[in-house]
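The figures that follow rest on heavy atoms only: side chains count, while hydrogens, waters and symmetry mates do not. Throughout, numbering of the chain's residues begins at 1 and tracks the sequence. Remember, it's 1-based here, ligands and their atoms both numbered in the order they're listed.
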Amino acid sequence: MMQTPLTLVSMFERAEKFFPKKSVISRTHDAIRRFTYKETGARIRALGSVLEKLNVKKGDKVGTLAWNHHRHLEAYFAIPSLGAVLHTINIRLSLDHLAYIINHAEDKVLLIDEDVLPLVEKIRDQLTTVEAFIVMTDKAVLPESTLDPLYSYERLLEDGDEQYTFTADIAENDPAGMCYTSATTGKPKGVVYTHRGIVLHAMALSMADTAALSESDVIMPVVPMFHVNAWGMPFAATWLGSTQVLPGPMSVPKVLAELIESYKVTKTAGVPTIWLGLLNEIEQNDYDMSSLEAVLCGGAAAPKGLIQAFEQKHGIPFMHAYGLTETTPLVTISRLKSYQQNLSNEEQLDIRAKQGMVVPGLEVKVVNDRGEVQPDGEDMGELLVRGPWIADEYYKDDRTQDAFRDGWFYTGDVVTVDGEGNIKIVDRTKDLIKSGGEWISSVDLENALMAHDAVYEAAVVAVPDPKWQERPIACVVLKEGAAATKEDLIQFLEPQFAKFWLPDDILFLEEIPKTSVGKFLKRALRKQVEEALEV
Ligand code: AMP
């Protein structure tokens, strides 16, 4: 058959050609704006022409430090369509890590949101490869800044060529994007995405048995566009001609609820903390959420109580998925099989709270620490993945050897697989708690605690123990106005777990420290707990 390359150029060209009237709705710092795909296509072309004038060539890296908005979406297509590499940078990283990844990736140009300029100014002297800075702002005048040369995105686009044709000779295995993922220790690790990988991932994400994305959807990625390409949603949504709602900076629960209501969002995606926040908002104030057909939740385990509250209390379908930066990211998605539809609510919830089955196109296996394949059932092991949208190395990084071996990617996640092929993440290898030679899953305890009516968030960490080696300690944030004691919560857990699993202590906190992408920051929490308990 024909060997036509799978590239990102054809994705936005399809939207431009067949869906010129459909819209991208974008919330920026100053306004909510609407662009048709015809206008978006013209702006992508103008940006391409502008970047070319700034000497961006095939293989060059262009960094973005930006929230989810239309300009970021334009960069998503213009940069790879030139054959250059879209390097999305996590703006919540430390200055030290920001400087490291911009230098390590060798970014030539940076596209920066106005509110992020001060961060870049602070590290300007350390940047060794950047030749130009472009500020993405609605304002007519350039903000005061020490960055030089600094251009205004909109001014550049005014002089750009809206008819520009992308002519770069792009092979499907050429790099299109890159993203750095935080490591437990050491510097962040870079992952490079190819055109082919992104296109195939978008196809897999859109299937009826995965996230079932469609032209008729109104899609709102809340997951940041600097975190694994907002899980590939902007690519898939553009390709299909779906309406997109890009929620912009500081998208607090109230803003999200208002956007869902105003634009009748059908599918949205984000980490559990986002959905905990939204749940809180819609329980306190009246919103019409009836347009929602799927709330996609991944990046950390979705507590059963969260799924239950969305579905049973509010009638909002919830979908649990799993993946990593290295996997573009979709690996598994949790859906019921046709013959499971008549199971009881409780049984269905048990299945849907797992991370789910591997999506078509990928292969997984589970191995123990001797490298032996674990049978399905109770046996835990590390999850390995391979497939056309799984990275096969870290960018210029020795840590490649640890994670990519024998044609497989070692995820570092400990899982079990049930008889139906559903994967359940038990823990990160480093977060499992080993007590008296037995493993305790921090994730299971957290999920159980978060199912308690008074609990807003819960995270469980190990503390060293002279007798048992490690013991679990739970940290709990209570819902506003709710009350529960340590004894209440232990009593609540007792019927659900073996006695040795029960936390030795429960600490009540104001908040749980989070990573830059909204996951529990176990490292910081462990330190906080050790200080509080003086262990
Ligand atoms: P990142 O590369 O930042 O996206 O983080 C990937 C890690 O997040 C995985 O290795 C898992 O430990 C965790 N993760 C992602 N999705 C889920 C999920 N649905 N349930 C539990 N953990 C998850």
For this session: Ignoring hydrogens and angles, state whether a donor on the side chain of E511 or Y456 is under 3.5 Å from an acceptor on the partner side chain.
Result: no

Problem set entry | More than 12 heavy atoms from other groups under 6.0 Å of NZ on K527 | no

Problem set entry | Contact with ligand 1 for G323, non-hydrogen, under 4.0 angstrom | yes

Exercise. Is a salt bridge present between E446 and K522, judged by a nitrogen-to-oxygen distance below 4.0 Å?
Worked result: yes

For this session: Nearest heavy atom to atom 23 (C) of ligand 1 wins, so pick from A300, P272, C297, C179.
Result: A300

Problem set entry | Part of A301 within contact of ligand 1 (heavy atoms, under 4.0 Å) | both

Exercise. How close does the nearest protein non-hydrogen atom get to atom 19 (N) of ligand 1, and which residue and atom is it?
Worked result: A321 O, 2.7 Å

Problem set entry | Geometric N/O contact E326 with ligand 1, under 3.5 angstrom | no

Exercise. When you measure from atom 20 (N) of ligand 1 to every protein heavy atom, which one gives the shortest distance, and what is it?
Worked result: Q355 NE2, 2.8 Å

Seminar exercise, completed: Short version for T181: what comes under 4.0 Å of ligand 1, heavy atoms counted, is side chain

For this session: Give the residue and atom name of whichever protein heavy atom lies nearest to atom 4 (O) of ligand 1, and the separation in Å to one decimal.
Result: H227 NE2, 3.2 Å

For this session: For atom 14 (N) of ligand 1, find the nearest protein heavy atom and state the residue, atom name and distance (0.1 Å precision).
Result: G299 O, 3.3 Å

Problem set entry | For ligand 1, the portion of D413 having any non-hydrogen atom under 4.0 Å away | side chain

Exercise. Under 3.5 Å, N or O to N or O, is Y322 touching ligand 1 that way?
Worked result: no

For this session: Please identify each residue that fulfils ring pair (Phe, Tyr, Trp, His ring centres under 6.0 Å) with H72, with sequence neighbours left out.
Result: Y76

Exercise. Hey, which of L205, L296, V358 is the one that makes side-chain contact (heavy atoms from CB on, under 4.5 Å) with I333?
Worked result: L296

Exercise. For ligand 1, which atoms, with element, lie under 4.0 Å from some heavy atom of T325?
Worked result: 1 (P), 2 (O), 3 (O), 4 (O)

Exercise. Please state which protein non-hydrogen atom is closest to atom 8 (O) of ligand 1 and give its distance, to 0.1 Å?
Worked result: K519 NZ, 2.8 Å

For this session: Tell me, please, which residues at least two apart from F409 pass ring pair (Phe, Tyr, Trp, His ring centres under 6.0 Å).
Result: F404

Exercise. Are Y180 and Y395 close enough that their ring centers fall under 6.0 Å?
Worked result: no

